[in-house]
Each structure stands twice: as C-alpha cells, then as structure tokens.
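Notes to accompany the following structure.
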Amino acid sequence: MIAGFIIAYVFYIAKPDMPKALAERHQPLYKFLLNKWYFDELYDFLFVKPAMALGRFLWKRGDGTVIDGLGPDGVASRVQQVTGWVVRLQSGYIYHYAFAMLIGVAFFVTLAMFSGGGVH
Amino acid sequence: MNAELLAIPDLMPVMPEILLVLGAMVLLMVGAFGGEKSTPLVTGICVALLTVAGLILLVSPHYGTTFNGAFIQDAFSQYMKVLVLIGSGFAIAMSVAYARSQNFDRFEYPILIVIATVGMMLMLSANDLISMYLGVELQSLALYVVASINRDSVRSTEAGLKYFVLGALSSGMLLYGMSFIYGFTGHTDFVGIAAALTEERASLGLVFGIVFMLAGIAFKISAVPFHMWTPDVYEGAPTPVTAFFAAAPKIAAFGMLIRVLIEALGDVTTDWQQIVVFIAIASMALGAFAAIGQKNIKRLMAYSSIGNMGYALVGLAAGTEAGVHGLIVFMTAYLAMTLGAFACILSMRRKEGMVEEISDLAGLSKTNLPMAVLLAVIMFSLTGLPPLIGFFGKFYVFIAAMDAGLAPLVVIGLVTSVVAAYYYLRVIKVMFFDDATGEFLPMSGEMKIVLGLSSAVVGLFFIMPEPIMNAAANAAGVLF
C-alpha cells in the first residue's frame, strides 16, 4: 500500500511526465494493461461471437428454414397442398368414382396375391 | 320334399323384424289411401314401431339361430340392432321439423326408413352369405329411393342416381366375391365356411373372393377407395336423409363386416388383415386431409365419417376380441356424435331457409349459446379429447391394435387424428370467435331432445361407462 502511495505520488505529483515516458518506452505492456489484459476481446472472440453466430444460425436456418419450412408452417402448407389434390380427385363424375373402385379392387387383389395369401 | 323344409321355422328370434315389416306394409296402405295428410300419423307410428322393436330386443331377446342357420340372434346382433334402431328412430324424428318448413311432406319417407332398418337388422343377423346379401339389398334399395326422395331437386336426384349406379357396381362385386367363396369352400353358411377352412392359409381363389366381398362391404361403410359417392350424396340429399345415412347404415354394414370376417373367415385372419389395414390407413388419411378444404358442413361430415370408419377399421384389423370390443364402443360413440352433430346442422335454419356453410355458424356463441356449447362438446369429442366419449372409442381401438402388433397403424391413426383436429376445432373457432352474420330460427323441440340426449351420452359417458362397456364386452364375447 505504501509502495502504491509512493508510486502514485511520483507519477502524478512529483514527475507528471514520467508515466507518459514510461508508457512510450513499454508500448506493448502499456496497451496490454490499458485494455485490461484484452479480456473483453478474448471473451468476445471465445464466447460472444460464437453464441451470436449460433443464435443467428438457429434463427435463420433452424427456425426460418427448418421449423417454418418443414415444421409447423411447412406441415401446414403441405397439408393444404395435399388437401388440394384430394379435393380435386372428387370430380363429380360417376365413371371416375367407378374407376377408383376398380383400381382399388385390382390393387387389393394384387396385394393379397403377392404378399399375404394364396397357397396354390 | 324334405320334412324339415316344410316345418315352420322358429319365428321368435325374428319377432322385431316381423313386427317392422308388417307395420311398414300396413302403413304403406294407410299412406296410399290417406294421402299426404296422413304423413304425421305415419311418421309417429313409424317411430313407435322402431321403439317397440328396440324394446323387444332390450327386454326379451330370443337368442338362437333359425331358418336353417341363416339367421342368428345373439348378444352381438342385439347390441348393434339397438344402435341401428336408435339411429333410424332419431333420423325420422329429426325429419319432422324439416318436413314442416321445407315442404318435404312425404309419407313414404318414414316407411322407407323402416324398411331399410329391417334390411340392416337382417344384415346384422345374417349367418349365411345368401341372407347377408338379401339384407344388404333390402337396405340398399330403400336407401337409393330415400337419397333421391326430393324429386324436384336436381341435386337430390343426382345424389340418388350416383348412389344407385355405384351401389349396383358394389353389389356386383359383393356377389362376385361371395360366389368365389362358395366355389372354393362349398358352403354359404358362415359355420360351414369356417369349418371348411382347415388349412393355415386360404387358397388363391378364396383370397379373390375375400377381396371382392370386402370391396362390396367397404362401399357400404364408405371406406377409401370405395368412398367417392359419400361427399356427393351427403351434400345432395336432403339433410335429414344425410343424418340417417351417416348413422344407422354405417353401423349395420360394420356389424355385418365384423361377423363375416370373424365368424366365417376368422381362421384366415392373415389373408384379410393386410387389406383391412390398407383400407383403414387410406380412410383415415383421406378423411383427415380432404375435410380441411371443405366449406359445406354436410361435406365436412361426409369426410369426417370416412375418417371415423378408418379408425373403426383399425379395431377390426386387430382381429381380436379386444379389437371388436373397442370397435363396438367406437360405433356407439360415433352414433351419439353423429346424431348430435346433425341435430345442430338441421337447426341451421334462417328465415330465408336452410343454410349449410360452415361460415354460417359464425358467432353462434352470441346468438344461441347452448347450441354452440353442445356442438363444441361434440366437435371436441370427434377430435378425440378426453374425457369425452370420442376419446374412449379411439383409445380402446388403438390399444387393441397395439396389442395385436400393429404399432405403425396406430401411429398413422394418431397423426391423422391430429390433422383432423384442425377442421373440428375450426368449427368451434368459427362459432366462438367470428362475428355473427345472422341469427338462426329457434331450435325445434325434437332437435333439442336429440341434441340434449346425444351430448349427454358424449359428455357424461366417463362418469358411468359400465353399462355401455359391459354390453359391448358381452357383444364382442359371443363372436370369439
């Protein structure tokens, strides 16, 4: 504490131009101390930037592309697309309906023949 | 001649059917001689006949087989017949107010419903391919006429004609499949068919027969891809007819499907299970996706019923007693929800006439809060939210399918349930959060009763589930 008192007295009252000379002589050391050991920059580089980048990635890609594209919004729009197809199938023509029934029977016969049953 | 053929068969198990047939014939005479003014009388007696038939079944059922084993009365047919009678009776009751306001006074309408009901009861009691076909045709012929009963409406006529042409095609398939089954087993009665199937797997010809017969029955329950008539007929037919179509015939056809698959073809489950699974998946998916695009509430109910048939088929695909039990509970829930929903749809009446767009329900919570709340309860139940009856129906069906090793089917069922929730919840959103566009006329007394009863079953089932659960378990038990 006394040492600190003496140094402060010398630097600021006895020889006010000495700190400046000292700082100019030991430029890197002075900068290092002035910037608080570069801790802020280190933190910014190690933690803040990656966190921001991760956040931005999750926001733009994860939320915007994946969640909105494939997630709720995407599912919702796919559902509407499928609905559009299905509603268009319902044409109102009897022969379309009869055709669908026959296709169905043909499909089920084929399915039953090749997968399930049929001991010949 | 064989003495056995000459003897009069035991008629006691057939009493309810005989009562209905005789009543329908007498009422036809009453109507023919009394003219249009006899409609209220005929309608009243028809409801009374259905009620009496239901009471006979409930109070003193005669179990047993008759007509040389072609007709069977057991706990299963008893339970399903009571459901069918409830569906038909309420459908007639709900048509009264509509008939008054829409100039739809036709005495043939309730009589045709009674005849169709007899057909359905025969379907449920059929223990033979021939009697099964007779039941199907008796029901279908009456339904074709009922669909086009509003002769002056182009849409109603178109609906009836479409249903008739496609129904004829499906009957052809049904009959073709039956002839294959007869040809490859040598029997038409279910017991004989089951006895002939001693091998592990069915022969190829029999598989053909099963597929064609399933196609014919799938048409009746409007399962995909044999469903395409449903939205058009539901929309085109007069609304009370739609209410009738949505409930009783589905239950009857399902009961028949259960009996033929479990009783006659129960030993070759692997041969039909895969087809039932496919039809179930397709029905659930189409019912969920197609309904989203609908603006007309009758079309919405058509797709809703297609989807619901898919869920019911999940229980059948399990092929176990638990599956059939769940399926019976599900059909009970379906009946209650359908009747309640249609009581509301039939009350969508303004001074200008009936309306049937979903947007017409806007602001119902402000103009008629009780109706809005009860319809919301029914929609929540259709979504499958606990503790409403719709949840239990789906729950037992899915659990049975899980136990039968059909996990993928259950997962698809759950996913489509979520998709389907959208359009049920949209109806609720429209009723409670949109601004009213106009008021409906007050509900008529019959509608209040139907809506009250069905929402009571839907909402309060969880408090006292035992009567329905036990009766359903009893009904499922006789098939295994």
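Computed over heavy atoms, backbone and side chain alike; hydrogens, waters and symmetry mates excluded. Letters A, B, ... are given to chains in the order of the sequence lines, protein chains preceding strands, and every chain is numbered from 1.
Scanning residues 43-55 of chain A against chain B with a 4.5 Å heavy-atom cutoff picks out nothing at all.
Ranked by heavy-atom pairs under 4.5 Å with chain A, the list B/L214, B/L286, B/I279, B/V419 is led by B/I279. Comparing B/V165, B/L169, B/V211 by how many heavy-atom pairs each has under 4.5 Å with chain A, the most go to B/V211. Ranked by heavy-atom pairs under 4.5 Å with chain A, the list B/V224, B/I292, B/L161 is led by B/I292.
For B/Q273, no part sits under 4.5 Å from any heavy atom of chain A, backbone or side chain. For B/F208, the part sitting under 4.5 Å from any heavy atom of chain A is the side chain, from C-beta outward, and nothing else. Within the 4.5 angstrom heavy-atom criterion, only side-chain atoms of B/Y303, from C-beta onward, approach chain A.
Side-chain N/O atoms of B/S359 and B/K295 include no donor and acceptor closer than 3.5 Å. Side-chain contact, B/Y163 with B/S148: no donor N or O sits under 3.5 Å from an acceptor N or O.
Formation of a donor-acceptor pair under 3.5 Å by the B/R155 side chain with backbone atoms of B/A237 is not found in this model. Put simply, the side chain of B/S140 never gets that close to the backbone of B/E137: no donor and acceptor are under 3.5 Å apart. A donor-acceptor pair under 3.5 Å links the side-chain atoms of B/S156 to the main chain of B/A147, judged by distance alone.
Here B/E235 pairs with B/R299 in a salt bridge; the nearest charged N to carboxylate O distance falls below 4.0 Å.
Using the six-membered ring where Trp is involved, A/Y95 and A/Y93 have ring planes that are parallel, under 30° apart on the 30 and 60° scheme.
Applying the side-chain hydrogen bond (donor to acceptor under 3.5 Å, both in side chains) rule to pairs touching residues 97-111 of chain A yields A/Q90-A/Y97, A/Y97-B/D232, sequence neighbours excluded.
Remark: of the listed residues B/L197, B/D271, B/I193, B/L197 is the sole one forming a side chain to side chain contact (heavy atoms under 4.5 Å, CB included) with B/L206.
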